[in-house]
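Data block below; observations after.
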Amino acid sequence: MLSARLSPLLCAAALLAGSVGALAAPDEPYAPAFQSFLRATQGDKTAIPEAAQAFAALARAEPANPVLQAYSGASLAMRAQTTLLPWRKMAYAEDGLAQLDKALALLGPAHEAVGRNRVPAVLDVKLVAANTFLALPRMMNRRDRGLKLLTEVRSSPLLASAPAPFREAVGQAARKAGLEGAQ
C-alpha cells in the first residue's frame, strides 16, 4: 500500500547529511540514527528498521523535540516497505503519519531559530513531513498537505540562510513534486 516512491522522495532530506547537529540531542546518538536514515532513503531496506528504532529511542528521550519526532515518524512510515502484510503496512504508515502530525503540532516560534546545522527546526520538520506525505499513495490523502508544507518551506524567509545542501534538498523535493518554478 505504501508506495515505493517513499525512499526517493525522502532522499531529498538526505542531502542534509553534513548537518546532523540540528537537534538538541547529543550528536553521538543522533549521527548513527541519521546515517541509518540516509541509507534507508537511498534504498537500503535493511537500514529502515535500524533508523526507525534509533529515532524512536531518541524521540522517547526528548518527546518535545519536533525534529526527532519527524525523523522517527518518517522512519516508521518507511517500515511499511519492509513487510508484505497489508495490515502491517497500514499500521506502520498510519503510526508514522501520527508522529509526523505530532512533530508539526510541536512547532512554535522557538523552532525558527537557527540550529547548529544552520537549519531551523521548522524547515527541517516541514521538509521531512512534506517528503513523506508526497511519497504516500493518493488514497492516504496527504498529497495536498505535503504540497502545502513544501510550499511553506520554499517561501520561508528562513530558507535563504539555510546551508546549500538543505536548499538543494528543497529544490529537489519541489522538482519531484512537480511544483512550477522549482529551483
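- The side chain to side chain donor-acceptor pair (under 3.5 Å) test applied to Ser155 returns no partner, not counting sequence neighbours.
- A search for side chain to side chain contact (heavy atoms under 4.5 Å, CB included) contacts involving Ala52 returns Ser75, Arg79, not counting sequence neighbours.
- Taking every heavy atom of both residues into account, Phe37 and Ala74 meet most closely at CE1-CB, 3.9 Å.
- Across all their heavy atoms, Thr41 and Leu38 have their closest contact at OG1-O, 2.8 Å.
- Side-chain contact check for Lys126 versus Leu104: some heavy-atom pair is nearer than 4.5 Å.
- Separating the CG atom in Asn131 from the CG atom in Leu127 is a distance of 4.5 Å, to the nearest 0.5 Å.
- Taken from CG in Leu158 to CZ in Phe166, the straight-line distance is 9.5 Å, to the nearest 0.5 Å.
- Listed by chain and residue number, Leu85, Arg88, Lys89, Tyr92 satisfy the side chain to side chain contact (heavy atoms under 4.5 Å, CB included) test with Thr83 (two or more places apart in sequence, or in another chain).
- Judged as a salt bridge (Lys or Arg N to Asp or Glu O under 4.0 Å), and not counting sequence neighbours, the contacts of Arg142 are Asp101.
- Atoms OG1 and CZ, on Thr46 and Arg39 in that order, are 6.5 Å from each other to the nearest 0.5 Å.
- The nearest pair of heavy atoms linking Ile48 to Ala40 is CG1-CB, 3.5 Å.
- To the nearest 0.5 Å, the span separating NZ on Lys45 from CE on Met78 amounts to 11.0 Å.
- Remark: Ala130 pairs with Leu149, Leu150 by the side chain to side chain contact (heavy atoms under 4.5 Å, CB included) rule, at least two apart or across chains.
- In this structure, CZ in Arg154 is found 10.5 Å from CG in Leu147, a value given to the nearest 0.5 Å.
- Residues passing the side chain to side chain donor-acceptor pair (under 3.5 Å) test with Ser156: none are found, sequence neighbours excluded.
- No chain of hydrophobic side-chain contacts below 4.5 Å, direct or via other Ile, Leu, Val, Met, Phe, Trp or Tyr residues, connects Leu123 to Leu106.
- Within the 4.5 Å cutoff, no side-chain heavy atoms of Leu134 are placed close to those of Lys176.
- Lys148 meets the salt bridge (Lys or Arg N to Asp or Glu O under 4.0 Å) test with Glu152; sequence neighbours excluded.
- Two residues are said to be in side-chain contact when any heavy atoms from C-beta on lie closer than 4.5 Å; Phe55 and Leu76 fail this criterion.
- Leu97 places a side-chain heavy atom less than 4.5 Å from the side chain of Met140.
- Partners of Ala56 by side chain to side chain contact (heavy atoms under 4.5 Å, CB included), not counting sequence neighbours, listed by chain and number: Arg60, Ser72.
- Contact between Arg167 and Leu159 at its shortest, heavy atoms only, is CD-O, 3.4 Å.
- Nearest heavy atoms, Leu68 versus Leu58: CD1-O, 3.5 Å.
- Across all their heavy atoms, Val128 and Ala70 have their closest contact at CG1-O, 3.7 Å.
- Residues forming a side chain to side chain donor-acceptor pair (under 3.5 Å) with Glu94 (at least two apart in sequence, or on another chain): none.
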